[in-house]
Every structure is written in structure tokens, then in C-alpha cells.
Amino acid sequence: MTRTHTLHNTRNIGIVAHIDAGKTTTTERILFYTGLTYKIGEVHTGSAVMDWMEQEQDRGITITSAVTTCEWKDTKINIIDTPGHVDFTVEVERSLRILDGAIILLDAKGGVEPQTEAVWRQADRYNVPRIVFINKMDIIGADFNRSVNMISERLGTTPVPIQIPIGSESEFEGVISLIDMTAIYNTGDNGETVEIRDIPAEYKDQAMTHRSHLLESIAIYNDELMIKYLEGQKISKDLVQSTLRAATLSGNIVPVLCGAAYKNKGIQMLLDSVVDLLPSPIDVPMIKGHTPKGEEATRAAGDDQPFSALIFKIMTDPFVGKLSYFRVYSGTLKVGDYVLNATKGKKEKLSRILQMHANTRKELSIVYTSDIVAAIGMKFSTTGDTLCDETAPIILESMEFPLPVISVAVEPKTPGDLEKMVIALDKIAEEDPTFKAFSHPETGQMIISGMGELHLEIILDRMIHEHKVKANVGKPQVTYRETISVPADVEYELSKELGTQGVYGYVKIRVSPNPRGTGHSFTSTVNTRVFPEIYIKACEEGIMQTLQSGIIAGYEVVDVHVELLDASYHEEYSSEIAFKTTASMALIEALKNGKSIMLEPIFKIEVTVPESYVGDVIGDIATRHGALDGMEMVADQKIVRATVPLSNLFGYATDLRSKTQGRGYYSMIFDHFDQVPQSVLKHFTG
């Protein structure tokens with residue numbers, strides 16, 4: 001099997017957005033127009049190809065990233081349709097890590113919503129060039145200009161419309177292309193026919209104004225275009241297109257398109273822009289990593305390069321078992337080949353490789369650079385691991401995943417369900433890095449933690465229906481954190497006799513707060529010429545294990561830096577276990593001396609209500625100890641933004657419906673951890 005498309009004619013893109021912006025609806029149209037499906041699937045009828053999980057079809061939302069491949073204008077496009085709900089942000093994180101470009105969808109009425117801001121920051125972190133598609137131009141309250149302004153104000157970037165709408169709401173008819181100054185309409189039963197006409201007279205002035213803005217925005221990226229624009233010469237479509245592409249790939253501007261996916265308008269033009277403006281694998285910088293020895297290393301995209309790939313997702317398939325999804329960054333790989341998992345230092349054999357189309361699959365005999373595929377048969381590999389040629393080892397940059405913020409206790413209904421529950425939770429945890437399951441050290445209860453109520457609801461649903469586990473479930477509880485507020489220096493000496501054998505260890509450590517959200521760090525200034533390095537590693541292991549459980553209420557300790565300042569050992573009585581214990585006891589003392597505090601998750605919420613209910617909503621937020629961030633009017637609705645502790649948001653959906661006679665709705669997204677008030681702390685300390 002030979003490569004069907006060159007790297008130049010390949011695109012790896014994701015579709016990301018706030019929930020209900022129309023990602024899956026847009027993807028279904030893309031599959032239809034590219035000939036991958038013969039009819040259009042719909043989310044509301046449960047027939048969407050990309051929402052294949054039973055839980056997705058029941059709820060009408062995307063839960064897991066679905067991968068598919070299609071073709072448009074001789075270009076191969078690998079697409080990942082990601083979830084929009086905040087609870088499944090991990091799916092967006094790992095998708096953006098392995099993609100070259102992204103389509104950011106906005107709801108034309110809501111504009112830039114909280115989850116849009118979150119995915120934008122994720123795309124910034126991985127330097128992913130993107131285009132914006134303002135969807136739902138046909139709905140009441142659709143406002144193209146407001147949405148464009150919000151991109152600038154809330155996302156801190158430069159939006160450049162390359163299309164403007166012809167009409168809006170029920171009068172939305174088509175779009176005007178500012179690149180070649182034509183009006184484009186979709187006709188036919190499913191919008192499959194694209195008609196190009198002259199710009200309607202009433203839109204000509206508006207189109208000229210936007211065209212000038214487009215040219216001014218990109219002129220600095222091409223001297224020829226700059227000169228022609230300043231001298232008033234005619235500028236060709238090809239020159240505008242190539243300059244716009246360079247500006248988009250630089251990340252300095254974001255092209256903006258518009259349409260209405262549900263009404264089959266604007267999707268073919270969106271596909272054109274994916275091909276024309278988003279990067280191919282050879283347009284992005286070489287992938288960076290390091291060798292197992294810690295030296296910097298890079299890989300260029302190319303089939304003639306040493307093989308390297310990143311596993312970004314693990315899934316359990318009921319028919320074929322464990323699927324390991326990976327993106328190939330360089331080289332090629334044949335079925336049956338052995339590769340090195342450089343992260344784990346183990347060899348893996350790929351017995352089968354599949355090209356996925358949502359949950360259906362096609363067997364492949366070989367994979368090439370830039371392919372996004374799934375493998376069967378890997379034993380050791382997990383999310384974030386690097387696969388590579390064992391003669392040219394490299395470990396690629398992995399991904400960072402957020403900490404869980406909510407927990408529930410689960411108990412098997414019968415003793416026979418216990419083993420099944422443990423196996424099921426292990427499998428789910430392997431798939432989802434933001435899900436944690438552990439046995440409570442005091443009560444012995446099984447605790448599961450995740451990113452939100454819906455996240456845990458889906459996991460429990462899967463445990464019961466997929467894995468056939470019968471269980472009793474407790475009420476959701478906030479997952480708090482602990483940290484220290486001031487630095488503390490501690491010396492600790494362990495000197496004991498256990499039978500005839502002595503145990504000895506001495507350490508001096510300094511523990512200080514790290515900036516909030518940056519995690520743990522450990523350093524040592526101990527001279528390894530006089531103190532064995534193996535004991536320093538033992539100290540680090542003991543410290544990291546102890547950080548799993550704090551001193552106030554047993555919650556995980558976060559955001560601390562531990563420095564090993566001094567240590568001494570005994571030739572006969574010291575051991576790794578002795579120094580693990582010594583460092584652990586020293587840390588416990590340091591947490592006491594460092595004035596440990598508890599942290600709680602704070603969420604941003606955005607409440608949309610008719611103006612007559614605003615007073616009730618603001619009053620309710622105040623009773624939940626929330627802080628008001630601002631308000632704005634959109635169409636005939638008021639949007640109230642606030643930050644509220646998660647502990648005070650349980651049951652908020654029901655209360656909001658009650659206070660607004662069912663006319664209010666809200667979205668929420670994790671923002672940060674903050675110190676709990678004294679009233680909450682008393683609950684834990686008595």
C-alpha cells in the first residue's frame with residue numbers, strides 16, 4: 001500500500017468549541033459533502049456518525065473525541081470532532097496536542113462563550129493555527145459583528161473576516177467572499193450545489209469596507225501586496241490567498257468565516273479554507289522532544305525519517321479490546337513491526353493497525369508520517385507515551401491534564417461485583433487521565449473523582465451498562481486540595497533499632513509554596529560525591545507519596561517545592577526504605593510548620609436569562625458566595641458572569657429553572673483553586 005496523498009496535501013485538524021455551538025452537526029455535513037457518508041446524520045435524532053457512543057446518543061452531546069478521514073480537492077483531511085462540555089476538556093487537550101490546525105466554532109448568538117475561552121487557551125499552549133467559523137447565522141439573535149468583536153476582546157487575538165453574511169436570522173441566505181468579492185449561495189435539497197453570483201447591490205459598500213480591512217490586516221506579510229494596495233492596483237485572488245495563508249500560519253491573525261451548518265450553508269467554503277489556509281504537516285515546526293539521556297532532540301516530518309509517534313488516547317473496544325490511538329510525526333511503520341515505547345523503555349509489537357471512522361474501522365498494512373490511527377496489541381503503552389524507532393530513541397513532549405474536582409463514593413451491591421468494579425474502573429482510568437479511582441484510607445470506600453457531575457454520571461453509566469457492574473452510588477462531593485502558605489525548614493533524624501537491625505536516616509528539607517496551579521517540584525543541593533544518589537531518589541519518592549494525602553483532611557497536597565538541603569547516612573543501617581520514611585516524616589512536619597491551608601475549586605459561570613429575572617439571579621449568586629464579574633445584553637437576554645465555589649453549585653440547574661420559570665440556562669467551567677473560607681474549614685477541623 002503506497003501513500004495516497006503527499007504531506008503537502010494532508011491536513012490534521014480538529015473542530016472545537018463551546019457546547020451546543022454545532023461541532024458535530026458541522027462535522028456531519030463535512031462527511032456528507034466529502035462523500036464519506038451518503039446521508040446527513042443529525043445529533044437530535046441520534047443518527048450522527050461521530051456521536052456513536054450510547055451515552056452520546058442518549059444525551060445529544062459529544063463525550064469522546066471521534067476520529068475520521070475524508071478528502072476534499074485532492075487533499076486528505078484527518079478530522080477530530082471534540083466534546084464541548086467542560087467535563088470532557090481532556091478530550092480537547094489531547095486532540096489539540098496532536099493536531100496541526102483547528103476550526104473554532106462560535107454560536108452566532110452566544111459568540112465567545114466560557115468553554116471557547118478555555119479551548120482557545122489550549123490551542124495557544126500548543127501553537128495551533130486556527131480559523132473561526134461563526135455558525136448558526138440562521139437563529140434568532142445571530143449577530144456576526146458582535147461575535148467578531150468578542151473574538152478580539154475576550155480572546156486577545158486579531159480576527160479578520162474573509163466572509164460576511166448575506167442577511168441574518170431567518171433572512172440568512174448566503175455569504176460574501178472578501179477574497180474574490182463574490183456572493184456564494186447553497187442550493188439543492190442538502191445544500192450540495194454551490195452557486196456563485198454577483199454581490200447584491202445593498203451589500204456592496206459593506207463588502208468593500210470589509211475587503212479593505214482584510215487587505216490592511218495581511219499587507220504586512222507580503223511586500224508585493226502592500227505596494228499594490230497602497231498604489232490602488234488590482235490584487236489577484238491568488239496573491240490574497242497566499243498572503244492570508246502566511247498570516248494565518250504565523251498565528252498573528254485568525255480568519256473568520258460564517259454559515260449555518262444545520263441549514264447546509266457555508267460548509268463547502270469552510271472546507272476550502274481548511275485546504276487553503278490551515279497548515280500541512282510540513283508547514284509546522286519540527287516536533288520537539290528529548291533522548292532517554294535528557295538531550296534535546298527533534299524530528300522533521302517525512303517518511304524517510306526515523307519513526308516517531310505520540311499516543312494521545314486509549315479506548316476499550318468491546319470487539320477488539322484495547323485501542324491505542326497515535327499520531328505519526330515521522331517515518332513509516334508496518335503491521336507486525338516492533339517499536340520502542342521510549343517513555344516506558346519497553347518494546348511493543350503492533351499486531352494490527354486501524355484507520356478509524358468514528359467507531360468503524362479499516363485495516364491498514366502500513367502507516368505514514370502524519371497518519372492518525374489506532375493500534376491493537378500494545379501491552380504497556382498509555383496516554384502520552386512516545387513510540388519510536390529503537391535505533392533513534394526520542395521522547396516527545398507529553399500532555400498536562402487537569403486535576404479532578406468532584407468525587408462520589410461507590411459500593412458494589414454484592415461481593416461478586418467488587419472484582420468486576422475494580423477491573424471496570426481500571427479500564428476507564430486507563431482511557432481517561434482526568435478520572436481517578438482509589439480506596440479511602442479511613443473508610444475503605446471506593447472513591448471515584450472526575451471533572452464534574454456529568455463526567456461522573458457518564459462513567460457510572462458505562463460501569464453499569466458496558467461492564468455490567470451493579471453498584472450503589474453516594475452523593476457528589478467536592479474534591480478539595482491542601483497546600484502550605486509559608487516556607488518551612490525541617491530537620492528529621494530516623495534512628496531506631498528493629499530487632500537486631502538498626503535503621504538510620506537524616507535529612508534537612510525546605511518546603512515552600514509554588515505558584516498556584518504549577519504543581520510540585522523537587523530539587524536537591526546535596527553533594528552526590530559524599531551522599532549516594534539512590535538515597536536522594538528514595539527521598540523524592542517518599543516525599544511524592546506523602547503529598548498524596550494532606551494533614552488537614554487527607555486531601556492531596558498541591559503546588560509545593562521541596563528542596564533537599566542536607567542528608568547523612570550510615571554505611572550499615574541506612575537503606576532506601578529508611579530514607580523514604582525519613583523524608584516522608586520530615587515533610588509531614590514541614591506541612592504543619594508551613595501552615596497548611598485547604599483549597600476549593602472555583603468555577604466561572606455564565607447565566608443567560610430574560611432581563612426581568614436578573615435581580616433574582618444576582619441575589620442567588622450572592623447567597624452562594626459568588627463574585628459578580630460583569631453583565632451584558634445580547635438580543636433580548638441578559639448574560640450574567642460570575643465566579644462561584646463548586647461546593648455551592650450543586651443543584652444550581654434546578655434552582656435556576658425554578659427562579660426563571662424555566663427560561664434561564666447557564667454554563668460553567670473550572671477557573672482556579674482558592675483558599676476555603678473559615679466556615680468551610682471548620683467542617684473539617686471541628
Side-chain angles (χ1 to χ4, degrees), residues 294 344-345 403 436-445 447 449 479-516 518-599 681 684-686:
K344 299 274 198 317
L403 295 168
K436 299 281 183 282
F438 61 94
S439 177
H440 194 283
E442 292 177 12
T443 65
Q445 277 184 310
I447 307 294
S449 302
T479 300
Y480 294 91
R481 298 284 184 272
E482 297 183 28
T483 193
I484 60 169
S485 53
V486 295
D489 286 14
V490 168
E491 293 181 75
Y492 193 90
E493 184 178 45
L494 178 69
S495 182
K496 287 185 179 180
E497 283 190 16
L498 297 175
T500 58
Q501 179 68 44
V503 179
Y504 182 81
Y506 163 81
V507 298
K508 181 179 181 181
I509 63 172
R510 174 173 296 145
V511 183
S512 50
N514 265 343
R516 201 67 50 80
T518 56
H520 304 312
S521 51
F522 174 87
T523 56
S524 170
T525 55
V526 176
N527 188 341
T528 54
R529 285 198 292 259
V530 296
F531 186 78
E533 195 168 348
I534 192 169
Y535 291 162
I536 295 176
K537 289 192 182 304
C539 289
E540 183 178 2
E541 284 178 25
I543 283 164
M544 291 304 167
Q545 285 173 9
T546 306
L547 288 173
Q548 298 300 309
S549 182
I551 61 170
I552 301 174
Y555 288 103
E556 183 180 351
V557 181
V558 296
D559 303 334
V560 296
H561 175 66
V562 182
E563 186 178 3
L564 183 61
L565 301 172
D566 194 12
S568 64
Y569 71 106
H570 189 282
E571 286 283 0
E572 186 179 349
Y573 299 143
S574 291
S575 64
E576 288 180 69
I577 293 292
F579 274 100
K580 270 189 183 180
T581 306
T582 306
S584 175
M585 299 305 290
L587 180 64
I588 290 170
E589 287 301 312
L591 294 177
K592 292 175 184 174
N593 298 345
K595 297 182 180 176
S596 279
I597 57 173
M598 283 185 65
L599 305 173
L681 190 60
F684 296 99
T685 60

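Everything numeric in this text was worked out from a predicted model, so none of it was measured.
- With hydrogens and angles disregarded, a donor-acceptor distance shorter than 3.5 Å links the side chain of S596 to the backbone of L591.
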Less than 3.5 Å apart, which donor and acceptor atoms pair up between the side chains of residues 536-548 and the rest of the protein, not counting sequence neighbours?
residue: E541; atom: OE1; partner: K580; partner atom: NZ; Å: 3.1
residue: T546; atom: OG1; partner: G542; partner atom: O; Å: 2.7
residue: T546; atom: OG1; partner: S584; partner atom: OG; Å: 2.6

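- By the salt bridge (charged side-chain N to carboxylate O under 4.0 Å, His left out) test, K592 is found to be paired with E589, residues two or more places apart in sequence or in another chain being considered.
- Under the rule for a ring pair (Phe, Tyr, Trp, His ring centres under 6.0 Å), H520 has no partner lying at least two apart in sequence or in another chain.
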Practice task
Evaluate the side chain to side chain donor-acceptor pair (under 3.5 Å) criterion for residues H561 and S521: first the C-alpha distance (whole Å), next the side-chain angles of each, then the deciding distance (0.1 Å), finally the verdict.
Solution key: CA-CA 5 Å; H561 175 66; S521 51; 2.7 Å; yes
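- The two atoms that bring V511 and A590 nearest to each other are CG2-CB, 3.5 Å, heavy atoms only.
- Within the structure, salt bridge (charged side-chain N to carboxylate O under 4.0 Å, His left out) pairs that include any residue of residues 557-575 do not occur (at least two apart or interchain).
- The closest side-chain heavy-atom distance from S485 to P513 is not below 4.5 Å.
- Separating the CD1 atom in I509 from the CG atom in L587 is a distance of 5.5 Å, to the nearest 0.5 Å.
- The CD1 atom of I534 lies 10.0 Å from the OG atom of S575; values are rounded to the nearest 0.5 Å.
- Heavy-atom neighbours of K595 NZ from other residues, nucleotides or ligands within 6.0 Å: at or below the threshold of 12.
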Handout entry: I484 vs I597, side-chain contact (heavy atoms from CB on, under 4.5 Å): CA-CA, chis, key distance, verdict
Key = CA-CA 6 Å; I484 60 169; I597 57 173; over 6 Å; no
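- Between the side chain of Y506 and the backbone N or O of H570, no donor-acceptor pair lies under 3.5 Å.
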Exercise for the section: Report the C-alpha separation of T483 and L599 in whole Å, then their side-chain angles, then the decisive distance to 0.1 Å, and conclude whether the side-chain contact (heavy atoms from CB on, under 4.5 Å) test is met. Expected result: CA-CA 7 Å; T483 193; L599 305 173; 3.8 Å; yes
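- Remark: T479 pairs with S407, S449, R481 by the side chain to side chain contact (heavy atoms under 4.5 Å, CB included) rule, at least two apart or across chains.
- The side-chain hydrogen bond (donor to acceptor under 3.5 Å, both in side chains) search around T518 returns none, not counting sequence neighbours.
- Side-chain contact between S568 and Y504 is present, with at least one heavy-atom pair separated by less than 4.5 Å.
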Practice task
Starting from the C-alpha separation in whole Å, work towards a yes-or-no answer on side-chain contact (heavy atoms from CB on, under 4.5 Å) for F522 and V562.
Solution key: CA-CA 5 Å; F522 174 87; V562 182; 4.1 Å; yes
Handout entry: Steps toward side-chain contact (heavy atoms from CB on, under 4.5 Å) verdict (F579, V507)
Key = CA-CA 8 Å; F579 274 100; V507 298; 4.0 Å; yes
Tell me which donor-acceptor pairs under 3.5 Å the side chains of residues 524-533 have, and how far apart each pair is, sequence neighbours excluded?
residue: S524; atom: OG; partner: V526; partner atom: N; Å: 3.2
residue: T525; atom: OG1; partner: L564; partner atom: O; Å: 3.2
residue: N527; atom: OD1; partner: R529; partner atom: N; Å: 2.8

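- Side chains of L494 and M585 form no contact here, defined as non-hydrogen atoms less than 4.5 Å apart.
- Looking only at side-chain heavy atoms (C-beta outward), V490 and N593 come within less than 4.5 Å of each other.
- Sorted by first and then second residue, the salt bridge (charged side-chain N to carboxylate O under 4.0 Å, His left out) pairs involving residues 482-495 (not counting sequence neighbours) are D489-R510.
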